[in-house]
Amino acid sequence: RIAIMAGGALQCCGSPLFLKTRFGAGYRITCLRRHAITDPSLDRIPEVIRRHVPEAELLTNVGAEFSMRLPLNATGRFAELFTEL
């Protein structure tokens, strides 16, 4: 169980799944490339992710690492996504 406090008072308590479902913005996938991509048009991994999860949002893209947010309602598409990756 996880408890969240603010101002010295308990605000919420629950399992990680409950809290993510109730308050979460989705899942985050972080990928590390072998080399930094200088030309974004050559980076195919975000294209693969967006093909499976069109709502995926790019959060960071720095050097050899990038992160994308995947919405909670896309979990049914994760298996195919991870298989292709």
Side-chain angles (χ1 to χ4, degrees):
R1 290 185 119 357
I2 297 172
I4 299 172
M5 296 183 67
L10 181 66
Q11 300 297 313
C12 184
C13 183
S15 70
L17 181 59
F18 168 78
L19 295 173
K20 181 169 269 309
T21 302
R22 177 90 188 234
F23 303 106
Y27 295 93
R28 177 184 292 219
I29 183 169
T30 301
C31 298
L32 183 62
R33 305 175 190 99
R34 287 191 179 127
H35 306 286
I37 300 289
T38 56
D39 182 356
S41 68
L42 298 175
D43 195 2
R44 302 290 180 231
I45 298 173
E47 290 178 21
V48 170
I49 293 171
R50 285 198 179 104
R51 187 167 51 247
H52 291 277
V53 185
E55 322 72 72
E57 174 189 354
L58 184 65
L59 299 174
T60 62
N61 189 3
V62 179
E65 182 179 295
F66 74 92
S67 295
M68 297 182 84
R69 179 177 297 133
L70 308 176
L72 288 171
N73 63 0
T75 56
R77 296 175 262 164
F78 289 177
E80 290 178 7
L81 167 63
F82 294 137
T83 299
E84 185 171 349
L85 289 176

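Values below: every heavy atom of this structure, side chains too, minus hydrogens, waters and symmetry copies.
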Where is the tightest heavy-atom contact between [X] and [Y], given as atom of each residue plus distance?
{"X": "Glu55", "Y": "Asn73", "value": "OE1-OD1, 4.2 Å"}
{"X": "Gly14", "Y": "Leu19", "value": "O-CD1, 3.8 Å"}
{"X": "Arg1", "Y": "Ser15", "value": "NH1-N, 3.7 Å"}
{"X": "Gly26", "Y": "Lys20", "value": "O-NZ, 2.8 Å"}
{"X": "Ile2", "Y": "Pro16", "value": "CD1-CG, 3.8 Å"}

Output the rest of the hydrophobic cluster of Leu17: all Ile, Leu, Val, Met, Phe, Trp and Tyr residues reachable through side-chain heavy-atom contacts under 4.5 Å, sorted by chain and number.
none
By the rule that ILVMFWY residues connect when side-chain heavy atoms come within less than 4.5 angstrom, directly or transitively, which residues belong alongside Val53?
Tyr27, Ile29, Ile45, Val48, Ile49, Leu58, Phe66, Met68, Leu70, Leu72, Phe78, Leu81, Phe82, Leu85
CZ/Phe18 to SG/Cys13 distance, rounded to the nearest 0.5 angstrom?
9.0 Å
Check whether more than 12 heavy atoms from other residues, nucleotides or ligands sit under 6.0 Å from atom CD of Glu80, and answer yes or no.
no
CZ of Arg33: more than 12 outside heavy atoms within 6.0 angstrom?
yes
Is it true that Val62 and Leu32 fall in one hydrophobic cluster, defined by side-chain heavy atoms closer than 4.5 Å?
no
With salt bridge (Lys or Arg N to Asp or Glu O under 4.0 Å) as the test, pick out the partner of Glu84 among Arg77, Arg51, Arg50.
Arg51
Partners meeting side-chain contact (heavy atoms from CB on, under 4.5 Å) with Thr83 (sequence neighbours left out):
none
